[in-house]
Amino acid sequence: MADLSTLNAPQRQAVLHGAGPLVVFAGAGSGKTRVITYRVANLVDEHGVAPWRILAVTFTNKAAAEMRERCGKLLPSGAQDLWVGTFHATCARLLRRYSEVIGIKRDFVIYDDADSRAMVTRVLRDLRLDEKRYEPKQVLGRIHRAKQEAIGPDKFAVHDSFTEIVHRIYQTYDERMKRSGALDFDDLIFRLVEALEKNESLRAEMDRRFSHVLVDEFQDTNHVQLRLVRVLADRHRNLCVVGDDDQSIYRWRGADRRNILDFRKAFPDATVVKLEQNYRSSARILRAAMSVVTRNVEREPKELWTENAEGAKVAAIRCDDERDEARIMVQHVRTALSEGRRLSDVALFYRIHAQSRVFEEALRAANIPYRVVGGVRFYDRAEVKDVLAYLRLVHNPDDDVSLLRVINVPARGIGKSTIDRVLDDAARAGSSTWDAIRRVIDDPAQPSATRKKLLAFLELVERLRARSSNGEGPAALVQAVLDETSYSRQLEDEDTPEADARLENLRELVGSIQDFVGDAEEPTLASFLELVTLETDADRQTEGDRLTLMTVHAAKGLEFPVVIVAGLEERMFPYRGVDYDDDPEEMEEERRLAYVAFTRAREKLVLTYARQRRVFGQLRWDLRSRFVDEIPPDVLHEIGGAASRPTWIAERGDDSYGDEPGGYLRRPFEAIAVASAAAVSHGESYVDRSDGDIVDEAGLHRGMRVRHSKFGVGLVQGVSGDLPSKITVAFPGWGTKQILARFLEPL
DNA sequence: TCCGAATTAATTTTT
DNA sequence: TTAATTCGGA
């Protein structure tokens, strides 16, 4: 059993809480996962709750796996009977189990975002709508939003001509999805909620199935997810939600912090627990993080504190430009290594992926192994998706998106005109594309070459289907796909580095299927396909001691001894898109993002900003981020010059920035850019005249007198802008020396 | 049908 | 800058 004596008071309260609703506000690094797992163990051990009646929901597979593993360690019976999973995986499982009652196909396929988009594009074309006016991305966004608000096509509100069209697209999309036997990510949750809210006996069944519901990262739930949780916990009311409104960074995906903030309104008898002791970060890092996030207006009051040491100051380093920033990053990584840390102890965060390129180049040049989290998912690579599309087609020939993806891949002479012919037929008959292909083949009025090519494709898929129904497993099947379609051979013939990389990816795909067959409880094609769409790259851990590069979003939930956050400039972080609309909510989310970034660091936090940066081919001169300026001075160690903005701005006396919320916005940055460009061309202003400002971590700066054990008393000439700083000191009789600060004693 | 030039748009992306 | 997508011509 879990040892409760190691818990602090609020942690223990959350763990021991018995029946009834409970909301836990878990500050960063406050031992949240520990509380959840101990709580589960306690329910089983002390309250005699059957493990299979406990449902724990997370957002990521990784979090689910971790929870399962840690619960398993605490429970003598292990964790296999617990229902632990992501929202999506849990819903998929329940939808399959109750597919008959709910009225959906048992072996539905799951469409990821790309598949959904392909579907929308197809609908757009079929409805003969202008793809410029109704961008698939935008339309899909509307459909997503509707589904997240639990609004079906029948309830979709029409205000104007645009929403009217979206409504039509939504309806057709929905029909096509049904016809294809497909559900998108939102459907997984929406359809289950719908069914539960409509069907009382299904609800009763769920009540029998689950007596306790736990939700992790509750601040990230959207409306349907809240509905789902509520309907699942409606009867027994044993609902425990855990989260941190300060770490809510997915508003743009439909997450609503109100779900956690207003939990007490929805459940007036809810017990509220706040975990405010941080076990992760140094006191200084914590203060820096708090100073940024406490400026938000709408947040649950929380006062994070720690017993950890003060630690080093947070370094704020001024860089010339993004290349200089990368150079300085490399220096810091080397310093960390020389201090005895491993590469995996260090992480580099940035606001947007586009920033990673320069860093990657610098790291490659410096021969430092790294990995970039995010970017293109393995299962999103074109060749992998192609092969998966074949597998999905084998599983379910009605899957139109997959069919259209591979009907001419590799090229087999089925061109646009042929495909259009098939699609016309499908539209007329209201059937799946697969059935339309059959009809076109049987139609003597069609050109014989067309019929022949289509027949060849149809027979190819049928052959693969026959193998599958003869009991060939997914591993054999994927090999068959590669052989029968001659996909690999075509790539081999290409004989280019890119083709080799693709082949390598396909080999990896085969490998991952073999792993799956070895590990899975149910090594069927269906469950492999589900796993593949519900698994992201973050779940595929890479081995080896490497530096980690990722966006701040990807960093949530992780921690590192050393964290470098790059690009701390206005417009970069806080990020400003082209269509920035001065939404204070957006600014608050940027703050929370900064809070998440800072609180990932255990011992050392380094912030860098560039005075000049090329963004999407455009040069920018932006002020250092307000998030740096807001850090209290006693926590901050300025390197490379304390002056946060070019002197000429200060001289012009219009430096209103920071005086009031939104003050920055009152200053047109175009004007700054123009003025600074002029300054640069005069060769002034951007020349660093602030050497005297450079203060090293021990408070050393130019002009100070210091003593050295060997050289005696000397005068500080300068401070290097890296960490740990090297101090240039002139010693009478010895000349000038470069010396590490720790060998010097200030006088 | 396919290739390469031109055009366009560019946060974040748990599933 | 870049990468993805689209379009036009062979």
Side-chain angles (χ1 to χ4, degrees), chain A residues 57-64 85-92 110-117 121 131-132 135-137 140-141 144 147-148 183-190 216-222 224-225 243 247-255 322 349-358 361 373-377 379-380 382 408 410-419 453 530-539 550-558 567 571-580 586 589-590 592-594 596-597 613-620:
Chain A
V57 196
T58 63
F59 273 89
T60 64
N61 295 300
K62 205 172 149 201
T86 64
F87 267 101
H88 299 268
T90 304
C91 289
I110 301 169
Y111 275 6
D112 66 16
D113 270 344
D115 299 325
S116 306
R117 239 193 82 193
T121 308
E131 282 170 57
K132 289 265 151 56
E135 287 170 58
K137 224 176 115 192
L140 191 61
H144 277 316
K147 290 187 180 188
Q148 284 168 4
L183 297 182
D184 62 27
F185 285 145
D186 297 323
D187 285 334
L188 292 175
I189 295 150
F190 183 27
D216 190 16
E217 304 280 18
F218 195 66
Q219 77 282 353
D220 287 337
T221 49
N222 62 30
V224 237
Q225 287 161 339
Q247 290 186 66
S248 168
I249 55 176
Y250 286 102
R251 193 176 79 99
W252 48 277
R253 288 282 258 136
E322 67 272 16
F349 303 157
Y350 35 76
R351 180 66 244 272
I352 60 171
H353 278 303
Q355 289 170 268
S356 79
R357 220 197 75 238
V358 187
E361 282 166 6
V373 177
V376 187
R377 285 173 20 182
Y379 292 120
D380 280 348
N408 196 34
R412 51 174 73 89
I414 301 180
K416 195 173 181 310
S417 52
T418 305
I419 293 173
K453 284 174 189 158
E530 176 165 324
L531 178 97
V532 154
T533 25
L534 295 181
E535 182 183 318
T536 58
D537 243 21
D539 306 322
M550 60 183 131
T551 64
V552 179
H553 282 90
K556 196 176 74 161
L558 306 175
R571 288 209 283 177
M572 202 62 184
F573 196 1
Y575 188 83
R576 283 295 129 73
V578 273
D579 51 355
Y580 175 65
E586 238 166 79
E589 183 135 319
E590 293 294 318
R592 293 193 290 271
L593 215 36
V596 167
R613 177 185 299 277
R614 191 175 284 279
V615 184
F616 302 133
Q618 294 263 301
L619 266 186
R620 285 186 184 178

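All values below were derived from every heavy atom in this structure, side-chain atoms included, with hydrogens, water molecules and symmetry-related copies excluded. Labels below follow one simple rule: chain letters A, B, ... track the order of the sequence lines, proteins then strands, and each chain is numbered from 1.
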Determine the interplanar angle of the A/H88 and A/F185 rings, folded into 0 to 90°, and report it as parallel if under 30°, tilted if 30 to 60°, perpendicular if over 60°. perpendicular

Judged by atom type as modelled, is there a donor-acceptor pair below 3.5 Å linking the side chain of A/N408 to the main-chain atoms of A/I414? yes

For A/T551 and B/dT11, is the shortest distance between a side-chain N/O and OP1 or OP2 below 4.0 Å? no

A/D186 near the nucleic acid: base, sugar-phosphate alone, or nothing, with a heavy-atom cut-off under 4.0 Å? nothing

For the pair A/H553 (side chain) and A/I249 (backbone), establish whether a donor and an acceptor sit closer than 3.5 Å, ignoring hydrogens and angles. yes

Earlier contact from the 5' end, DNA chain B, for A/I249 and A/T533: A/I249

A/W252 aromatic ring stacked with six-membered ring of B/dT13, 5.5 Å and 30°: no

Answer with base, sugar-phosphate or nothing: what part of the nucleic acid does A/G413 contact at a heavy-atom distance below 4.0 Å? sugar-phosphate

Sticking with atom P, work out how far B/dT13 lies from C/dA4, rounded to a whole angstrom. 16 Å

Ignoring hydrogens and geometry, is there a side-chain-to-backbone donor-acceptor pair from A/D216 to A/G243 under 3.5 Å? no

Main-chain N/O of A/V615 paired to A/Q618 side chain as donor or acceptor, under 3.5 Å: no

Dot-bracket notation for DNA chain B is requested: 5' to 3', Watson-Crick or G-U wobble pairs only, both distances under 3.5 Å, with ( ), [ ], | and . as defined. ||||||||||.....

Which nucleotide sits closest to the side chain of A/D220: B/dT11, B/dT14, B/dC2? B/dT14

Between B/dT12 (P) and A/R253 (CZ): distance, integer Å: 12 Å

Take atom OH of A/Y250 and atom P of B/dT12, then tell me their distance rounded to the nearest Å. 11 Å

Counting N and O atoms only, with roles assigned by atom type, does the side chain of A/E322 sit under 3.5 Å from a partner on the main chain of A/V358, one being a donor and the other an acceptor? no

Backbone N or O of A/S248 within a donor-acceptor pair of the A/R592 side chain at under 3.5 Å? yes

Here the distance between atom P of B/dT14 and atom CZ of A/F185, to the nearest Å, is 9 Å

May I ask you to say what A/I414 touches in the nucleic acid, namely base, sugar-phosphate or nothing, with a heavy-atom cut-off under 4.0 Å? sugar-phosphate

Rounded to whole Å, please give me the gap between CG in A/L593 and P in B/dT12. 11 Å

Might you point out which heavy atoms bring A/F573 and A/R351 nearest each other, and give the distance in Å? CD1-CD, 3.9 Å

Atom CZ of A/F349 to atom P of B/dT13: distance rounded to whole Å? 13 Å

Nearest whole angstrom, please: distance from the P of B/dT12 to the NE2 of A/H144. 16 Å

From CZ of A/R351 over to P of B/dT13, roughly how many Å is that when rounded to an integer? 8 Å

Results of salt bridge (charged side-chain N to carboxylate O under 4.0 Å, His left out) for A/R357 - residues two or more places apart only: A/E361

Give the rounded distance in Å between these two atoms: OH of A/Y350 and P of B/dA10. 20 Å

Taking atom C1' in both C/dA3 and B/dT14, what distance in whole Å separates the two? 25 Å

Specify the residue among A/A554 and A/K453 whose closest nucleotide of DNA chain B lies further upstream toward the 5′ end. A/K453

Which nucleotide, B/dT13, B/dC2, B/dT12, lies nearest any side-chain atom of A/A411? B/dC2

When you measure from the side chain of A/E590 to the backbone N and O of A/Y575, does any donor-acceptor pair fall under 3.5 Å? yes

Name the closest nucleotide to the A/N408 side chain, picking from B/dC2, B/dA10, B/dT12. B/dC2

Per-nucleotide protein contact along nucleotides 1-10 of chain C, 5' to 3', at a 4.0 Å heavy-atom cut-off (B base, S sugar-phosphate only, - neither), is BS----S---

